There are 2 protein chains.
Amino acid sequence: MYDVIVVGGGAAGLTAALYTSRQGMSTLVLTKDIGGQAILTPSIENYPGFESISGLEFAERVKEQAERFNAEFRYEEVNGIEAMDGYYVVKSALGEYECISVILAFGKTPRDLNVPGEARLVGKGVSYCAVCDAPLFKGKRVAVVGVGDPALDATLMLCRIAEKVYLISRGSALVGHEDLMGMCSSVKNVEVLLRANVLEILGDSRVKGIRVRDAAGMKEIEVDGVFVELGYVARTEWLKGLVELNGKGEIIVNKNQETSRAGIFAAGDVTDTEFKQLVISAGEGAKAGLAAYNYVQRLKGRPAVRSDWKTLLK
Amino acid sequence: MYDVIVVGGGAAGLTAALYTSRQGMSTLVLTKDIGGQAILTPSIENYPGFESISGLEFAERVKEQAERFNAEFRYEEVNGIEAMDGYYVVKSALGEYECISVILAFGKTPRDLNVPGEARLVGKGVSYCAVCDAPLFKGKRVAVVGVGDPALDATLMLCRIAEKVYLISRGSALVGHEDLMGMCSSVKNVEVLLRANVLEILGDSRVKGIRVRDAAGMKEIEVDGVFVELGYVARTEWLKGLVELNGKGEIIVNKNQETSRAGIFAAGDVTDTEFKQLVISAGEGAKAGLAAYNYVQRLKGRPAVRSDWKTLLK
């Protein structure tokens, strides 16, 4: 029986684990990967204390901090949580774990295009991260499917590396920052397709092309890569009935990172917090960690931490 | 007319200034000092990203980050804010400044002992910070006046430096962590006075002693220093009528760091946030900065930032 299980290994989850383990709680982190969305960013300039740090280095540093206090990590995707009498059972495909409290901090997931061929070709030409994967498409032909600044950003990044970039959008005009739109329209190897829907991603072992319908009708376009830039969603369907979610599927929390269910806390991008930022996720992770600590201490009949930071800095 | 004035230069205020200046807002920081309570701590081990960092180094780093984006600093203590029609006037003893939005982040202040002689002798033997000032009392006689772990901490720090330490407490028994109480009781050069009240601090240009009443009656004790360890208070009397405060005088904020008055935001230890921690203050400062940015953008009829972090990382 763990004192706390943290679900997720981004800034919020790692900081929560640092705080709970440092307070002496037995802490298990269950996560698919370490770093969350921050690892997509090679240079973060707005995390206080670092003029610039890569998301990957940040994540590795915080993980080490948490491990120094004996936080345990397992690389498993959680797919269920069952509320028992005074404790919880957290379930993954690989096992079940009991704990007194839970901190949900698994962030957001890129939104799927949801067409045939997509799932089969992920990592075989289908990517959700231009920053990560653009270098793999040097001199090749790629399509960016998406809307707004993320799609424009991906296009501008890829047009400097790929031979040709198709920017495919459902809308009747590009949307986003004016300077980005201007740049996308003026680059020679970028072709913008408006009012266009991608119906299928083609290819068996690698992406070979896409099938697109636009005003002119149906056509196939040969590409080696498809970058899906449709924003992010909170994958929280499996939490319905356990904790309250808002209309976007985000977990509703109060100022102390408490969810609607006692003993379950949430922090970072998976919550309904308005702004998604590294330092905000870290701050929320610390709050969730201390709130979980107080919850467990009270259940055990022991004193909770006082609000004054001094008691925690020993 | 500044877009935003940040009141306070601790972790919350510095991070708020980093965020507002990085978003291109004209930003003025008005503060008595840089670093806030964090500078009392030589080694912070629970700020994500640093295995250990001193509070002073942290503060200097964040100040430099904010200055790179042209945040302006003035070392003035704010004593009034007047709400005008669509803007605010922020007042110090040295001047008045106009701004569209305000971020209150001036933390907490040590609680006074509130006896004759105290105000006159601050910095002349009266101290509110054992970590800062203990080294000045090598081989001297000092009194620690206070309760709980802060008083015990100060006593244990001073007994290794000073010749003699009086620990003076109003209670009938020591209160705090058992190991700290045990150590205080067993150290030879520590004398504990219980049920004891300090009535006056004696001395003209330097502390010479204290006048104390306890069960045995009134007495004067010769000391060279008095360390007041009575916890911290939010000095917010001057904000009454402007923003809502809780029973402890803390500024009430919602999850987006909004106060009860539009255009005024608050972050860090001065708020009613339950836990006071460096990374929590920094996270709240970032939220307050982005909330102030959106407020000012809307007033100017310009687009606010979306919640997705990607738009902010350019």
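Naming convention: chains lettered A, B, ... in sequence-line order (proteins, then strands); numbering from 1 in each chain. Quick caveat, the model's predicted, so the values are computed rather than measured.
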From [X] [atom1] over to [Y] [atom2], what is the distance, rounded to the nearest 0.5 angstrom?
X	Y	atom1	atom2	result
B/Gln277	A/Thr15	CD	OG1	11.5 Å
A/Glu274	B/Asn294	CD	CG	6.0 Å
A/Leu18	B/Glu45	CG	CD	9.5 Å
B/Ile280	A/Tyr19	CD1	OH	6.0 Å

Go through the atoms of [X] and report whether side chain, backbone, both or neither lie under 4.5 Å from a heavy atom of chain A.
X	answer
B/Ala59	neither
B/Gln65	side chain
B/Tyr47	both

Which atoms of [X] are under 4.5 Å from chain B, going by heavy atoms: the side chain, the backbone, both sets, or neither?
X	value
A/Glu284	side chain
A/Phe69	side chain
A/Ala291	both

For the student: nearest non-hydrogen atoms of B/Gly49 and A/Val62, plus distance = N-CG2, 3.7 Å
Considering all heavy atoms, the nearest A/Thr273-B/Lys287 contact = CG2-CE, 3.7 Å
